[in-house]
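The structure under discussion appears below in the form of structure tokens.
Remember, it's a predicted structure, so these values are computed and weren't measured experimentally. For ligands, and for the atoms within them, numbers begin at 1 and follow the listed sequence. For this chain, numbers begin at 1 and follow the sequence in order.
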Amino acid sequence: MKQFETRAIRLQTERSQHHEHSTPIFPTSSFIFDDAEHMRALFAEEAEGNIYSRFSNPSVREFELKMASLEGTEDAVATATGMAAIYSTLATLLEQGDHIVACRSIFGSSYQILTQYLVKWGISHTFVDAGDPSGWKDAVRPSSKILFIETPSNPGLDVIDLEWAAQFAHQNGMLLVVDNCFATPYLQTPVQWGADIITHSATKFIDGQGRVLGGVVCASEKHIKSIHKFIRNTGPSLSPFNAWVLSKSLETLAVRMDRHCDHALKLAIELKDHPKLRAVHYPFLPDHPGHQIALKQMRAGGGLLTFEVQGGLTAGTRFMDRLEMITITANLGDTRTIATHPASSTHSKLPPEERERVGITDGLIRVSVGLEHADDILNDIVQALD
Ligand SMILES: *Cc1c(COP(=O)(O)O)cnc(C)c1O
């Protein structure tokens, strides 16, 4: 099998009669049948082919096959957003009466799916601490079907041992579902350690340039078949245009991630002794609690780092307002460096005691380190702190 970079660039499923070198785009809502019999056979699933772009589309399929190859899974199915990938996975695999064990530190909207919607249909959950797996056993019930985790987590950057988590899930009759958004398959491939299903927000590092929304689920053929059926019928399908953008983005994922990680590590090292900061968190800093696990399962530490400014909520918002170049915006994984203040934004809906438990202190700043020159990023942070 060819290397990651080569597959990310060369895996191309469709070429038109024009023999174009770059990947073509198929912006069409439906496809032509040769005759009535062809239409009948496609609807009866006796023949393979495209019917309607909510079901399948060549541009979308190319993105799916690339993602399956990069994650090392048998198949993949794309969705309109990362949340659609997570919701479609849970809604397909769970039934009334089932139970989920999930890390408390999952993405804010994932938390909402579990606590606001799945409970309405009799699907319950128990949250566990990413930083303390010794307590996870107590959360398991006979009805537990899924263990849902993110590593590194958002925004705590807790690192969970994927090999251990997969064993724990399987010993307790659960599937391991991993939101691999922060690491991308370039830094970490959870199936290699035994995970069953990988979800992504392709909106983040996969697009990497802040342009489109997208998501994808990577798993075995069997799981993807049933999740695809759910998507085909309920409608959160990826648009062909976004799929085309994302396929092109994958071509540069490796070089972009290398640079994101270089910049983030450099910043972490430069900032860790800054007098105005209480702490700097980055998985590849030796004093990070998950450092050894990160070294085992990740190629590099990722493009996100967090730090705690002294002085709580007011110091946090004041720091944000003093930034000159770095943007305040609700995204991550962009070429542009982005700062967020989780306590007052993405995680403001969490009750304050839950926030504290997942490490979101009032002064916590999350930085998605971009691809500008590293000195300019550092200088902006230092002048804002000063
Ligand atoms: C952004 C994000 C999501 C949701 O993705 P969307 O594309 O915005 O729907 C899910 N998980 C994590 C970790 C994220 O950062």
For residues 121-129, which side-chain donor-acceptor pairs fall under 3.5 Å, sequence neighbours excluded?
{"residue": "S124", "atom": "OG", "partner": "R141", "partner atom": "NH1", "Å": "3.2"}
{"residue": "H125", "atom": "ND1", "partner": "L114", "partner atom": "O", "Å": "3.3"}
{"residue": "T126", "atom": "OG1", "partner": "H99", "partner atom": "NE2", "Å": "2.6"}
{"residue": "D129", "atom": "OD1", "partner": "R104", "partner atom": "NH1", "Å": "2.7"}

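Centroid-to-centroid, the aromatic rings of F307 and F319 come within less than 6.0 Å. In this structure, Y282 has its ring center at least 6.0 angstrom away from the ring center of H288.
With sequence neighbours left out, the side chain to side chain contact (heavy atoms under 4.5 Å, CB included) criterion links I269 to L265, L285. Partners of F55 by ring pair (Phe, Tyr, Trp, His ring centres under 6.0 Å), not counting sequence neighbours, listed by chain and number: Y52.
Judged by distance alone, the side chain of S153 and the main-chain N or O of D158 form a donor-acceptor pair under 3.5 Å.
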Does ligand 1 have any N/O pairs with the protein under 3.5 Å, and how far apart?
{"residue": "ligand 1", "atom": "5 (O)", "partner": "S201", "partner atom": "OG", "Å": "2.9"}
{"residue": "ligand 1", "atom": "7 (O)", "partner": "G82", "partner atom": "N", "Å": "2.8"}
{"residue": "ligand 1", "atom": "7 (O)", "partner": "S201", "partner atom": "OG", "Å": "2.8"}
{"residue": "ligand 1", "atom": "7 (O)", "partner": "T203", "partner atom": "OG1", "Å": "2.7"}
{"residue": "ligand 1", "atom": "9 (O)", "partner": "G82", "partner atom": "N", "Å": "3.1"}
{"residue": "ligand 1", "atom": "9 (O)", "partner": "M83", "partner atom": "N", "Å": "2.8"}
{"residue": "ligand 1", "atom": "11 (N)", "partner": "D179", "partner atom": "OD2", "Å": "2.7"}
{"residue": "ligand 1", "atom": "15 (O)", "partner": "K204", "partner atom": "NZ", "Å": "2.8"}

